[in-house]
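See structure below.
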Amino acid sequence: MRQVREIRRDNLQRLLAGYRFQRQFAEATGLAAAHVSQMVNGTRDMGEDVARRVEKALGLPANWMDRVEGSAPESLVIDLEQLPADELGLLADYRRLTERHREMLRETAAGYLSLEVSHR
């Protein structure tokens, strides 16, 4: 049976396939680029806390990093260079927020989305 560290490394590779550079993945997940590189080359395992942080940052289901998956969800395949300037600016602003303010922003966005869906 495969160990969770191997499954997480495989899933990390799947997620990275949706990014042009490891640095972009690191920015999207709030991890240091060096940390991502170390996990990719196997000098560092992805621990429980990092696995959960990645899932939360990318909107993945709980414990997704610990499951054997076929591929990264289509919704995660993003070419940051193709995003409009206002969306890139929003991502940059988001990264400057504290974790608590990020949580508040996510809750606010979820509220707006639920209103949008209920009014259709």
Side-chain angles (χ1 to χ4, degrees):
M1 184 169 179
R2 293 178 60 208
Q3 294 184 351
V4 71
R5 69 174 191 217
E6 296 167 335
I7 295 168
R8 286 178 183 161
R9 186 173 300 125
D10 288 348
N11 285 332
L12 175 62
Q13 292 291 346
R14 287 181 180 89
L15 292 173
L16 284 168
Y19 294 85
R20 194 166 184 188
F21 303 105
Q22 285 182 13
R23 173 185 45 80
Q24 292 172 328
F25 175 83
E27 291 171 358
T29 57
L31 298 172
H35 189 161
V36 173
S37 178
Q38 291 166 351
M39 289 187 298
V40 168
N41 67 32
T43 59
R44 186 175 197 169
D45 289 333
M46 180 183 287
E48 182 76 18
D49 290 343
V50 172
R52 302 299 78 90
R53 282 177 53 197
V54 167
E55 292 163 351
K56 187 173 183 177
L58 299 180
L60 295 168
N63 299 309
W64 186 92
M65 292 300 298
D66 301 342
R67 299 184 209 147
V68 177
E69 295 285 334
S71 62
E74 283 295 317
S75 63
L76 294 179
V77 178
I78 300 171
D79 183 356
L80 292 179
E81 293 178 358
Q82 299 300 317
L83 288 178
D86 63 327
E87 289 182 33
L88 283 173
L90 184 61
L91 288 172
D93 291 343
Y94 179 82
R95 291 190 54 228
R96 289 193 291 269
L97 296 174
T98 65
E99 183 54 40
R100 176 67 186 128
H101 287 122
R102 287 179 183 184
E103 174 89 14
M104 292 167 61
L105 184 58
R106 286 190 296 266
E107 289 172 4
T108 302
Y112 278 113
L113 289 173
S114 68
L115 285 173
E116 181 75 23
V117 170
S118 68
H119 289 297
R120 286 185 183 169

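The first residue of the sequence shown is numbered 1, and numbering continues consecutively from there.
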Ignoring hydrogens and geometry, is there a side-chain-to-backbone donor-acceptor pair from [X] to [Y] under 3.5 Å?
| X | Y | result |
| --- | --- | --- |
| N41 | T43 | yes |
| R53 | G30 | yes |
| T108 | M104 | yes |

Can a salt bridge be assigned to the pair [X] and [Y] using a cut-off of 4.0 Å between side-chain N and carboxylate O?
| X | Y | value |
| --- | --- | --- |
| R52 | D66 | yes |
| E107 | R102 | no |
| K56 | E103 | yes |
| E6 | R9 | no |

Mind listing the closest non-hydrogen atom pair of [X] and [Y] along with its distance?
| X | Y | result |
| --- | --- | --- |
| N63 | R67 | O-CG, 3.5 Å |
| M65 | L12 | CE-N, 3.8 Å |
| R8 | A51 | NE-CB, 3.8 Å |
| A57 | A28 | CB-O, 3.7 Å |
| N11 | W64 | ND2-O, 3.4 Å |

Within-4.5 Å side-chain heavy-atom neighbours: [X] and [Y]:
| X | Y | result |
| --- | --- | --- |
| L16 | V36 | yes |
| V40 | Q13 | yes |
| S37 | Q22 | yes |

### Message
Starting from M39, can I reach V4 by hopping between I/L/V/M/F/W/Y residues whose side chains sit under 4.5 Å apart?
### Response
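They do not share one cluster, since no chain of ILVMFWY contacts under 4.5 Å joins V4 to M39.
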### Query
When you look at CG of D49, are more than 12 heavy atoms from neighbouring residues, nucleotides or ligands closer to it than 6.0 Å?
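No, the 6.0 Å shell around CG holds no more than 12 heavy atoms from other groups.
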With rounding to the nearest 0.5 angstrom, report the [atom1] to [atom2] distance, [X] to [Y].
| X | Y | atom1 | atom2 | result |
| --- | --- | --- | --- | --- |
| M46 | I7 | CE | CD1 | 12.5 Å |
| Q24 | T29 | CD | OG1 | 11.5 Å |
| L15 | L60 | CG | CG | 6.0 Å |

